[in-house]
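Per chain, numbering begins at 1; letters A, B, ... match sequence-line order.
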Amino acid sequence: MAALWPDNPRLIGEGVPRLDGLAKASGRAKYPSDERPDGVLFAVVLHSPHAHAKIVKIDTSKAEAIPGVKGVHLIANEGATLRYHGEEIAAVAAESEEIARDGCRAIAIEYEVLPHAVTEAQAVADGAPQLTPRGNTQAGRAQEDGDPEAAIKEAAASIEGEYSVPVITHVCLETHGQVVRWDGDTKMTVWASTQNVDGVESEMAGAFNVPATDVTVLTPVMGGGFGAKFGADTWGVAAGELAKKTGKPVWLFLDRIQEHLTAGNRPSASAKLTLAADKDGKITALIAETAGTGGISRGAAFPLPYVYEVPNSRRQHTDIRINGGNARAMRAPGHPQGCLIMESALDDLAEKMGIDPLQMRLNSLAEQDTVPSGAGEPLNRSEIYRDQIKLGAEAIGWDQRKPRSENAKASGPLKRGFGMALHQWGGGGRDDKQVTCIINPDGSVELRSATQDIGTGCRTVLAQIAAEVLGLNTTDITSNIGNSQFPPGQASGGSTTTPSMAPPAYNAALEARDLLFKRIASALDAEPGDLEIGKGVILVKGEREVPWKEACRKLGTMPINVTGSFSEGLTAQGVGGCQFVDLTVDTETGVVKLNKIVAVQDTGLILNMMTWKSQVYGGVIMGLNYGLFEELVMDPSTGLCLNPDMELYKLAGASDIPAIDIIPFDNEQMRKRGVIGVGEPPTIATAAAIGNAVANALGTRVPNFPMTPMNVLNALAKA
Amino acid sequence: MPPEDHKAPAELPRPGHSRRDFLRGSSLAAAGAVMATSAETAMHEARADVSEADGVEIFSGSCPIELKVNGEAMSVTIEPRSTLLDTLRNRLNVTGPKRVCDRASCGACTVILDGDAVYSCTTLAISCTGHEVRTLESFETDEGSVPQSFLQNDALMCGYCTPGFVTACQAWLEKNPGKEPTLDDIKQGLDGNICRCGTYIGVFQAALDAAKAMKKGGA
Ligand code: FES
Ligand code: FES
């Protein structure tokens, strides 16, 4: 049993700059897409230009004849059905990307174009083309609690509402892809832009039937994933095939169009619901029919009821398939959807009852919402929410908020509104990951693990932990991650990376320290028990100071090399947070301008305040995009996606960023919980809070997200 | 500013010949006519074939040119249609600038061409002969420098947009020496760049800090 996190840490909790920050900011960091091994060929993927079609004939001979084209690999063969615009057909490797693109263009394909369904309405319409043998819809089992019908009858008030949010996509800035090099017949090096180094290793090993130990996946840094980069993917395997065929390393990264069409999306969500409350303004019942599409795959489920205690509820969810790319996990999968539907309805009900929606939320929190707490007593998350709401309300100036009716009457086209929402997330760690800590006789210290840094600062945080234990600076530690040959590392998903990797890093450092003491004690004329860590020194019997390097020299030629694993008490899970928004809507143009966002977030023990804050800012900004801009637009008539780019697929730029106040919910009790991940929770509530602030400003609900001028003006026209 | 307009790159002048114009051009002569002299020579030397696929006319064929990148003269063989970005990344191994949108909407590929920040993904390499190309790899990295300021403010997460932001920032500061920008100046100056991880708050501070340091250093 290892020790708990130190009580009076020197580095843990501090804002420590990223170890790889300067390399990234000076263009020196080599991303997988920057790798150009000797003799590299460039590969380009050819994708379906149709929403639904059969490949009748495919002829690659012209492509193969182009000078400079070195290999063609078919991903889909004659007879195959292509199910969406963007589905992969073939990949061509050539001496240059320009030639590889020519090669793709030269592949002659005869298609039998099939009828398509690219919107949910098309997919459920009578006579819709059947996209799978089991039909286009799949209804989940109804979830039921209590007696919602009776509760609605008895309720003091109820609303019936409809809310929706469209499909969006991850838009990782580094597109999906890999560079694959065969080193002999079975050995393979893969530079992959992935959030799952170990997973890609086993997938590639499986695809090529080689031992996993012969596959080395390298991801020293990578350009974002947000849930979309867990696998090797068809194009990763295609790169491997082309590399095998040509005997040369092959670089294959998707272009931006393909990235949008095929590399994953967050499913849409819609709900038709009734929400009811008692006379005190506590929610008592919910009946909801929900639906969503993630494209050709399923996976559009989301949690509902969300956060609040609803004693009587029934919910029936239907997944709809359309001719669109696959759903993939995206930052807090399901939660942003569930949050914005639940929080919109709650706000509308509060409005109808004339109750401050903040009060209604307090009323509707469960009395007990128990979450585990690392080494301490379980906690009641409802209490945490109450404290957080207080902090957030004060920071946004909730007392300036006026009810919708008053805002609607205000003169002039500019209307100001306030909104809020609550969210929750798990974020616990896995117990089967490991970190190796090496102390070399020259005093250098290295950590090794197969986990990767998706941008959260994982590399730095692990080094910080070792530096804390060994009395060194964070920059003294080499944090060597993103290599599948190293001890098993956690995939970056579910906000589990830091809570999975911090405990083994801590334990490895502690064990390495103890072993160091054991090995050098006699050379220092002491017992191991006489030694202690000081800042950059080893303390002998609390007085004599031996500089770190000098002490390590006593190791002789044998480094210390220990591998630490998980232990209980260092992590917990189950966090909550709340966000508040202050904005102005121009009722003539429909343009929403954010004035300020406040995010209050708890995450147990914060390891690095600087990178922690960055993640919360980042989550809020992604939520802001979800609330205001993002939408994949499918053309019902042609079946094509209309905005697979970064121009018509809108994302916030510098001028769209309002003042953002981050309030870490950081206290003694939280720190005692141990480490909990924070990547996902802060992105959940933002869009919901924006929607509520828009409703508050306008005096009417804009039921369809995002809050674009079109959706705002449509709602105003109907009001 | 309405959100629809937020992508308009503020003050990012384009070089003379963009990839789009080039691909739109229907004949070698027309394309040649817009070339700078040195590039023109290169074009003539190139055995440029016009091949037709998908109804789009494409110039291919190899074309040796000289580029000055980060103060160094580099010889490279490109195609007439090769972008500056792809030439840097794929042929010269200068991978600091990143390819993200490839269509002038995100700024990740920003380089400094004769002192101006340009999107290298929509700049033809051939049009850069005789001009000076600077990428962020050539910037100072010590105390007070733009990269250092990004590090100190954690103005990067995955870091893939970062080269573009750093370069846009550097170009802005060089164009406005001694000026202490307001937050709005910074936002406008960086509106041609997109970050998906959401590092803007840090980026703004980094830009403000770098401007301050530059003013101090220059005074
Ligand atoms: S890659 Fe050039 S602007 Fe996006
Ligand atoms: S840091 Fe990842 S996109 Fe900007």
#### Entry: Contact origin within A:H260 toward chain B - heavy atom pairs under 4.5 Å
neither

### Task
Side chain from CB out, backbone as N, CA, C, O: work out which of these in A:V171 comes under 4.5 Å of a heavy atom of chain B, or both, or neither.
both

### Query
Shortest non-hydrogen contact from B:C197 to A:F226?
SG-CZ, 3.8 Å

### Message
I'd like to know which of B:G202, B:S82, B:C106 tops the heavy-atom pair count under 4.5 Å against chain A.
### Response
B:S82

### Task
Test salt bridge (Lys or Arg N to Asp or Glu O under 4.0 Å) on A:D102 and B:R81 and set out the steps.
CA-CA 12 Å; A:D102 291 347; B:R81 60 178 159 160; 2.6 Å; yes

### Task
Would you mind checking which part of A:M222 comes under 4.5 Å of any heavy atom in chain B, side chain (CB onward), backbone (N, CA, C, O), both or neither?
backbone

## Note on the structure
Honestly, the part of A:I99 sitting under 4.5 Å from a heavy atom of chain B is both

### Summary
Interatomic distance, OG@B:S62 vs CD@A:E95, rounded to 0.5 Å, equals 10.5 Å

### Task
Identify, with sequence neighbours excluded, every residue that meets ring pair (Phe, Tyr, Trp, His ring centres under 6.0 Å) alongside B:F204.
none

### Task
Specify the closest pair of heavy atoms between B:N93 and A:D34, including all atoms of both residues, with the distance to one decimal.
OD1-O, 4.3 Å

### Query
Does any heavy atom of chain B fall under 4.5 Å from the side chain of A:K30, the backbone, both, or neither of them?
side chain

### Query
What part of A:D645 lies closer than 4.5 angstrom to a heavy atom of chain B: side chain, backbone, both or neither?
neither

### Query
Where is the tightest heavy-atom contact between B:V100 and A:R256, given as atom of each residue plus distance?
O-NE, 2.7 Å

### Task
Output the option from A:S33, A:P17, A:A659, A:G590 having the highest count of non-hydrogen pairs under 4.5 Å with chain B.
A:S33

### Message
Run B:D86 and A:R101 through salt bridge (Lys or Arg N to Asp or Glu O under 4.0 Å) and show every step you take.
### Response
CA-CA 13 Å; B:D86 290 353; A:R101 278 190 218 115; 3.7 Å; yes

### Part of A:Y617 lying under 4.5 Å from any heavy atom of chain B
both

### Task
Search all heavy atoms of B:K187 against all heavy atoms of A:I657 and return the closest pair with its distance.
NZ-O, 2.8 Å

### Task
Name the region of A:Q615, side chain, backbone, both or neither, that has any atom closer than 4.5 Å to a heavy atom of chain B.
both

### Task
Kindly say whether B:M157 contributes a backbone atom to a donor-acceptor pair with the side chain of A:K24 at under 3.5 angstrom?
yes

### Message
What part of A:S614 gets within 4.5 angstrom of chain B, counting heavy atoms only: side chain, backbone, both, or neither?
### Response
both

### Query
To the nearest 0.5 Å, what is the distance between OH (B:Y200) and CG (A:L624)?
9.5 Å

### Query
In terms of heavy-atom pairs under 4.5 Å, which option from A:A29, A:C172, A:G21 contacts chain B the most?
A:G21

### Task
Name the region of A:R18, side chain, backbone, both or neither, that has any atom closer than 4.5 Å to a heavy atom of chain B.
both

### Interatomic spacing from SG in B:C195 to CD1 in A:I621 - rounded to 0.5 Å
7.5 Å

### Pairs of heavy atoms under 4.5 Å with chain B: top-ranked of A:P67, A:G619, A:G618, A:G225
A:G618

### Interface moiety of A:P49 toward chain B, non-hydrogen atoms closer than 4.5 Å
neither

### Message
I want to check something: taking the side chain as every heavy atom from C-beta on, are B:I201 and A:K613 in contact at a cut-off of under 4.5 Å?
### Response
no

### Query
By a 4.5 Å heavy-atom criterion (distance strictly below it), what part of A:T611 contacts chain B: side chain, backbone, both, or neither?
both

### Message
With a 6.0 Å cut-off (strictly less than), is the heavy-atom count around CG of A:D38, excluding the residue itself, greater than 12?
### Response
no

### Query
Can you find a pair of side-chain heavy atoms, one from B:K98 and one from A:Y31, that are under 4.5 Å apart?
yes

### Sidechain-backbone polar pair: B:R196 side chain, A:H170 backbone, donor-acceptor under 3.5 Å
yes

### Message
I'd like to know which of A:G224, A:G68, A:S26, A:S96 tops the heavy-atom pair count under 4.5 Å against chain B.
### Response
A:S26

### B:R89/A:E97 under salt bridge (Lys or Arg N to Asp or Glu O under 4.0 Å): CA gap, chis, key distance, verdict
CA-CA 11 Å; B:R89 290 179 56 79; A:E97 252 188 296; over 6 Å; no

### Query
If you take all heavy atoms of B:L156 and A:A25, which pair is closest and at what distance?
CD2-CB, 4.2 Å

### Message
Rounded at 0.5 Å granularity, tell me how far SG in B:C161 sits from CD in A:E174.
### Response
12.5 Å

### Query
Can you name the ring pair (Phe, Tyr, Trp, His ring centres under 6.0 Å) partners of A:F253, sequence neighbours left out?
A:W251

### Query
Nearest 0.5 Å, what's the CD-CD1 distance between A:E647 and B:I194?
10.0 Å

### Summary
So, the part of A:L173 with a heavy atom under 4.5 Å from chain B: the answer is both

### Task
Could you walk me through whether A:L22 and B:T141 pass side chain to side chain contact (heavy atoms under 4.5 Å, CB included), step by step?
CA-CA 8 Å; A:L22 196 60; B:T141 55; 4.3 Å; yes

### Query
Relative to chain B, which segment of A:N625 carries a heavy atom at a distance below 4.5 Å: side chain, backbone, both, or neither?
side chain

### Query
chain A: which of B:T162, B:D154, B:V166 shares the most heavy-atom pairs with it under 4.5 Å?
B:D154

### Query
With only heavy atoms counted, which part of B:T135 is less than 4.5 Å from chain A, the side chain, the backbone, both or neither?
neither

### Query
Which region of B:R99, side chain (C-beta onward) or backbone (N, CA, C, O), has a non-hydrogen atom less than 4.5 Å from a non-hydrogen atom of chain A, or is it both or neither?
both

### Query
Nearest heavy-atom pair of A:E98 and B:E79: which atoms, and what distance?
CB-OE2, 3.6 Å

### Segment of B:D184 engaging chain A (4.5 angstrom heavy-atom cut-off)
neither

